[in-house]
Enquirer: 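One structure is given below, represented as structure tokens, and several questions about it will come after.
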2 protein chains.
Amino acid sequence: MTKDDSSQITERKRGSGVKLVYDLLRDEILDLKLSPGSAIDEVQLAARFGMSRTPIREALVRLAGEGLIETLPNRSTMVSNIDFLGMPAYFDALVLMYRVTTRLAAQHHTADNLVVIRVQQAEFSAAVAAQDALAMIATNAEFHSAIAAAGRNAYYGNFFDRLLGEGRRMLRLYYQSYEDRLPPRYVDEHEEIIAAVEARDVVAADRLGKAHGEQIVEQIGRLLTRNDRIDIEL
Amino acid sequence: MTKDDSSQITERKRGSGVKLVYDLLRDEILDLKLSPGSAIDEVQLAARFGMSRTPIREALVRLAGEGLIETLPNRSTMVSNIDFLGMPAYFDALVLMYRVTTRLAAQHHTADNLVVIRVQQAEFSAAVAAQDALAMIATNAEFHSAIAAAGRNAYYGNFFDRLLGEGRRMLRLYYQSYEDRLPPRYVDEHEEIIAAVEARDVVAADRLGKAHGEQIVEQIGRLLTRNDRIDIEL
DNA sequence: TCCGCAATCTTTGTCGACAAAAAAAATACA
DNA sequence: TGTATTTTTTTTGTCGACAAAGATTGCGGA
């Protein structure tokens, strides 16, 4: 199809191919470079990466395990569609995880956790200043992931990471609703969260996590119902 | 190693092999028929199932994606160990999911959901009566999974299913603490939950879900600290 | 022209074989 | 006897090839 593959036929170390394909495809899917519903051809990928179908296949199996691609038996495999009907459920879960992870971080964090969190916050702040939407999504996810890590619950952590990953495509809409110019208020909110965590103020952490999450929900809701609203508000 | 494989060399339909191996291995791992840490040999499995290594490999990749097996690069793959240190975190997440799913079920269930839930409850009740620990674990999981399905949130549902699955090995300890003779009280608790869901009583559903979950945590705690207690109570 | 059927094409699922990597065994040397 | 090095063995990762299952195309008959 496209011929602009930068055909890197470099020698790879044994076992590195799968991760390479997996990471790249995952990013391309989540950044919407591969549009939902578009077909995925194994032989084409094999040619593009200069390897056999076997490692490609393994990467695809893993992506399917995360629900990022769907496999019709004996037939095509394609990038999964964004489940718009499931968005309320998604944001419900996201808000709950915001709350739980922030709350746990306030309880269980150590000094080095705060260092990591501050680094991520700095990167997020830089992305907002640079108006780089993709970077904002990624660094925001890493910020909250760092907070989740400080909460010391691997089960919440995995689930949260999964949500943040799977939601990158939805979150993209959210950032687009600001035309990629996120108000600096969000950077401040992160700062408040850090302060609450550092002070081990569980109640404040919970409240801020909830507010932070619900703000996103509201903005998305505003985006999705914008047309309706215009009708209603006559 | 063992030679007692009932070598079923039956003809399989194309594409069914992976699921077969995946399901069977998963069950064997979760029922502790394959002990944590034991090695997994691809060629041996291939011989046992009468198929090539390729579909075996795909099943293993999926199991690894769920964290049920661990893969040392270029070296052995083995059944993952049970993370005892992570048990508090596990049960924390489990209780929260009990609460959330029960609560949502009270809000969003439909009539056919209740039918399914009652069927699962009947099977759970039968398993308790028969003192079949493995069946109790499986049917209990299916009962709560049915409740989660009634809650209409796929994200919670997936996470909850994953927790219930991954925890089957831990839960086994829990049932062993009763020597596989679960008090009928648990069957009654399920009945109460059903009643609260049916009455759309969100508050009661939340409270019952929480109590149900915390009871399990207490029993596990009692099991794990039993020796210490004897020392302390002199 | 339209519908049913057969031939062809495309893409997946599976296989057997081989090479690389790590461990285990064997050998040489002090 | 103990240790370092080489050889063998074991097990994984990758490959190219082939067969099966749909989809597509082409053809013939009404």
Side-chain angles (χ1 to χ4, degrees), chain A residues 1-3 5 7-25 29 34-80, chain B residues 1-3 5 7-25 29 34-35 37-65 67-80:
Chain A
M1 207 168 283
T2 55
K3 276 255 178 291
D5 320 321
S7 49
Q8 61 275 53
I9 328 161
T10 60
E11 274 301 304
R12 265 180 296 275
K13 233 182 302 176
R14 173 191 174 88
S16 69
V18 175
K19 180 170 166 45
L20 194 102
V21 176
Y22 170 81
D23 286 338
L24 189 54
L25 275 188
I29 292 173
L34 289 177
S35 53
S38 62
I40 291 185
D41 185 4
E42 295 178 3
V43 282
Q44 194 173 314
L45 286 174
R48 175 174 164 201
F49 287 98
M51 58 175 75
S52 148
R53 270 177 55 220
T54 310
I56 305 283
R57 213 134 205 290
E58 184 172 330
L60 292 185
V61 168
R62 283 170 54 180
L63 288 171
E66 292 182 39
L68 292 180
I69 66 178
E70 278 167 25
T71 302
L72 284 282
N74 279 320
R75 209 73 219 126
S76 66
T77 107
M78 49 181 250
V79 179
S80 353
Chain B
M1 205 171 281
T2 55
K3 277 252 178 291
D5 319 321
S7 49
Q8 62 274 53
I9 327 160
T10 60
E11 274 300 306
R12 265 179 297 275
K13 232 182 303 177
R14 174 190 172 88
S16 69
V18 175
K19 181 169 166 42
L20 194 101
V21 176
Y22 170 82
D23 286 339
L24 190 54
L25 276 188
I29 292 173
L34 289 177
S35 54
S38 62
I40 291 184
D41 184 4
E42 295 178 3
V43 282
Q44 194 173 316
L45 286 174
R48 175 174 163 200
F49 287 97
M51 58 175 75
S52 149
R53 270 177 55 221
T54 310
I56 305 282
R57 213 136 204 291
E58 184 171 329
L60 292 184
V61 169
R62 283 171 54 182
L63 287 171
L68 292 180
I69 66 177
E70 279 168 25
T71 303
L72 285 284
N74 278 321
R75 210 69 220 130
S76 65
T77 106
M78 50 181 249
V79 179
S80 358

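Predicted model only: the values in this text are computed from it and were never measured. Within every chain, numbering begins at 1; the chains are lettered A, B, ... in the order of the sequence lines, protein sequences first and strands thereafter. Computed over heavy atoms, backbone and side chain alike; hydrogens, waters and symmetry mates excluded.
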Enquirer: Which whole-number value in Å describes the distance from A/Lys19 NZ to D/dT14 P?
Expert: 14 Å

Enquirer: Please tell me which of A/Pro73 and B/Arg57 maps to the more 5' nucleotide of DNA chain D, matching each residue to the nucleotide holding its nearest heavy atom.
Expert: B/Arg57

Enquirer: Within the structure shown, what part of the strands sits under 4.0 Å from A/Leu60 by heavy-atom distance: base, sugar-phosphate, or nothing?
Expert: nothing

Enquirer: Compare the minimum distances between each of D/dC15, D/dT12, D/dT10 and the side chain of B/Glu42, then state the nucleotide with the smallest one.
Expert: D/dT12

Enquirer: Can you measure B/Arg12 atom CZ to C/dC15 atom C1' for me and round it to whole angstrom units?
Expert: 13 Å

Enquirer: So do B/Glu42 and B/Leu60 actually touch side chain to side chain, heavy atoms under 4.5 Å?
Expert: yes

Enquirer: How many Å lie between CZ on B/Arg75 and P on C/dA21, as a whole number?
Expert: 12 Å

Enquirer: Could you tell me the separation between the CE atom of A/Met51 and the P atom of D/dC15, rounded to a whole number of Å?
Expert: 7 Å

Enquirer: Whole-Å distance between D/dT14 P and A/Lys13 NZ?
Expert: 13 Å

Enquirer: Only one of B/Val61, B/Ile40, B/Leu25, B/Leu34 forms a side-chain contact (heavy atoms from CB on, under 4.5 Å) with B/Ile69, so which one is it?
Expert: B/Ile40

Enquirer: Starting at atom OH of A/Tyr22, determine the distance to atom C1' of D/dG13, rounded to an integer number of angstrom.
Expert: 19 Å

Enquirer: Would you say that B/Ile56 contacts B/Arg48 through its side chain, given a criterion of any heavy-atom pair below 4.5 Å between the two side chains?
Expert: no

Enquirer: Heavy atoms, side chains only, cut-off 4.5 Å: are A/Ser16 and A/Lys13 in contact?
Expert: yes

Enquirer: Between P on D/dT11 and CD on B/Gln44, what's the gap in Å once rounded to a whole number?
Expert: 9 Å

Enquirer: Take the protein atom CG of A/Asn74 and the nucleotide atom C1' of D/dA21, then report the distance between them rounded to whole Å.
Expert: 5 Å

Enquirer: Taking donor-acceptor contacts at under 3.5 Å, does the side chain of B/Arg53 reach the base of D/dG13?
Expert: yes

Enquirer: Relative to the 5' end of DNA chain C, which residue comes earlier, A/Thr54 or A/Arg14, by the nucleotide with the nearest heavy atom?
Expert: A/Thr54

